[in-house]
Q: 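Below is a structure I'd like to ask you about.
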Amino acid sequence: MRVTNLTRRGLVGAVTVAAALGAAQPAFAAGGGAVYALSNETQNAVITFDRAADGSLHQHGATLTGGAGSNAGLGTQSALVRSRGFLLAVNAGSNSVSVFRTGHHDLRLVDVQASGGTQPVSVSIRDGLVYVLNAGAGGTVSGFRLSEHGNLKPIAGSTQPLPSVNAGPAQVAITPDGDGLVVTEKGSSTIDTFPLRHGARAGVGTAHASNGLTPFGFAFGPRGTLLVSEAAGGAALGSSASSYSLSDGGFSTISASVPTLQTAACWLVTTADGRYAFTTNAGSDSVSTFAVSRAGALSLLHSDSAGTGAHPTDAALSRGDRFLYTLDAFTHQVTGFKVAGSGDLTSLGAVGTLPASASGLAAR
């Protein structure tokens, strides 16, 4: 069914209600864009910030997802992702995924589909292939195809359980070559890999021991290397980050648990050219910058304040990697940073008023 538990009349009604909430969509300034946050409230919505050419933000409005959030922080990465004119959001409270079409002047709900499991917490999209990570019932991954019109179609036989017990899954992502999936498990301190075969159906997952405790957010670096934050680290130096090679279907360490010298490094994003990686360190209210070599090796450059009491969680880079944004869980705002060619960050300040349950951040 194209729209789960939401009739066409209800879909129109949801969009109408969103407009009443002030979601008569952003007017983009020349050279600007947008930043999106997921409210994750019982009546779930995507909250839009207009982004000016200088990176400054203005909170604009909210557009309902047609689903329900968990009404509490998800503790995951990629609850909200953007790709090629579409924005995908998880509805952890109603076991569904929403698809929006993004334009220069609108955010339009296109489809809502059952997530293939219970409590979806993370989603990934690459070249029209979508995989959802469900945290309920031990944890599963489920695959979909996204049509050019924005409709999600489940891939038969694609649902697989996570290989560990008490996984506490944090993120799912499709590998750059499209041949596999990666999932981080906070509870078991393992990193799962799944092969994608036969029409992108996931095969049986394999759990690999993480270098540090509590692997959390991750992104891909040069030559498809995997860069992972480790929230609990494993040493007296606090949190850390590791990098791995996934070449030829293998899994091997490149850099093992490089300390951030900060605490609770949970979320990690990389620039499009793969030169820099950023972790948000929720426990120490900071953002750490790593240099990434062409081989995927990590070296810590510096850490910058995200604001006293900010507790930064989710992170997103704007197109062109000119600006980095963090979702601040304690102050309920979004903080912006200008990213220099050297990887240095300059704070643009914090704006907005978000619900305490807000989870997920995407930028364009």
Side-chain angles (χ1 to χ4, degrees), residues 3 6 8-71 73-74 78-83 85-94 96-112 123 150 313-319 323-329 331-336 348-364:
V3 179
L6 190 66
R8 182 175 298 275
R9 179 177 298 174
L11 177 58
V12 173
V15 176
T16 301
V17 172
L21 289 173
Q25 321 300 335
F28 293 91
V35 172
Y36 307 101
L38 190 64
S39 75
N40 194 38
E41 295 174 295
T42 301
Q43 192 175 30
N44 206 6
V46 174
I47 300 166
T48 300
F49 292 79
D50 294 342
R51 177 175 65 82
D54 63 359
S56 60
L57 299 180
H58 171 72
Q59 187 168 343
H60 183 86
T63 306
L64 298 179
T65 67
S70 67
N71 217 28
L74 293 177
S78 299
L80 191 66
V81 297
R82 187 189 66 83
S83 177
F86 292 105
L87 185 72
L88 278 68
V90 298
N91 299 304
S94 57
S96 62
V97 179
S98 298
V99 181
F100 297 87
R101 184 179 290 279
T102 62
H104 290 293
H105 301 288
D106 67 348
L107 185 64
R108 182 170 62 88
L109 181 62
V110 177
D111 197 7
V112 183
V123 60
T313 54
D314 294 82
L317 284 156
S318 68
R319 63 184 173 212
F323 306 105
L324 172 72
Y325 297 95
T326 64
L327 192 158
D328 302 332
T331 57
H332 313 307
Q333 294 183 298
V334 173
T335 294
L348 300 173
V351 300
T353 303
L354 298 171
S357 57
S359 298
L361 201 66
R364 53 168 297 185

Q: Who are the side chain to side chain contact (heavy atoms under 4.5 Å, CB included) partners of L348, not counting sequence neighbours?
A: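 With sequence neighbours excluded, L348 shows a side chain to side chain contact (heavy atoms under 4.5 Å, CB included) to F323, K338, given in chain and number order.
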Q: For N91 and S98, does a side-chain donor sit closer than 3.5 Å to a side-chain acceptor?
A: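 There is such a pair between these side chains.
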Q: What residues form a side chain to side chain donor-acceptor pair (under 3.5 Å) with S39, not counting sequence neighbours?
A: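 For S39 the side chain to side chain donor-acceptor pair (under 3.5 Å) partners, ignoring immediate neighbours, are N44.
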Q: Assess whether side-chain contact (heavy atoms from CB on, under 4.5 Å) is satisfied between L38 and T65, documenting all intermediate values.
A: CA-CA 9 Å; L38 190 64; T65 67; 4.1 Å; yes
Q: With sequence neighbours excluded, what pairs up with S56 under the side chain to side chain donor-acceptor pair (under 3.5 Å) test?
A: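 Side chain to side chain donor-acceptor pair (under 3.5 Å) check on S56 returns D54.
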Q: Are Y36 and I47 side-chain neighbours, meaning at least one heavy-atom pair lies under 4.5 Å?
A: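 SC-SC contact between Y36 and I47 ruled out.
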Q: State, to 0.1 Å, how close F100 and A89 come at their nearest heavy-atom pair, and which atoms those are.
A: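 So the two residues come closest at CE1-CB, 4.4 Å.
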Q: Side chains of L74 and N40, heavy atoms from C-beta outward: is any pair under 4.5 Å?
A: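 Counting from C-beta outward, L74 and N40 do come under 4.5 Å.
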Q: What residues form a side chain to side chain contact (heavy atoms under 4.5 Å, CB included) with T335, not counting sequence neighbours?
A: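 Partners of T335 by the side chain to side chain contact (heavy atoms under 4.5 Å, CB included) criterion, ordered by chain and then number, come out as T326, D328, F337, S347, A350.
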Q: Does R51 reach the side chain of R319, with side-chain heavy atoms less than 4.5 Å apart?
A: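 Heavy-atom side-chain distance check passes, below 4.5 Å.
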Q: Sequence neighbours excluded, which residues qualify as side chain to side chain contact (heavy atoms under 4.5 Å, CB included) partners of A68?
A: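 Side chain to side chain contact (heavy atoms under 4.5 Å, CB included) check on A68 returns S94.
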Q: Are the side chains of V334 and F49 in contact, using a 4.5 Å heavy-atom criterion?
A: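 When only atoms from C-beta onward are counted, V334 and F49 do touch, with a gap below 4.5 Å.
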Q: Is V351 close to Q59 at the side-chain level, that is, under 4.5 Å between some pair of heavy atoms?
A: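 Heavy-atom side-chain distance check fails, nothing below 4.5 Å.
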Q: Could you work out, with side chain to side chain contact (heavy atoms under 4.5 Å, CB included) as the rule, every residue matching T42, not counting sequence neighbours?
A: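 Listed in chain order: N71.
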Q: For a quick test of reading the model, state the closest non-hydrogen atom pair linking H60 to D50 and the distance between them.
A: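 Closest heavy-atom pair between H60 and D50: ND1-OD2, 3.4 Å.
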Q: What are the two closest non-hydrogen atoms of T48 and A34, and how far apart are they?
A: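 Closest pair (atom of T48, atom of A34, distance): CG2-CB, 4.4 Å.
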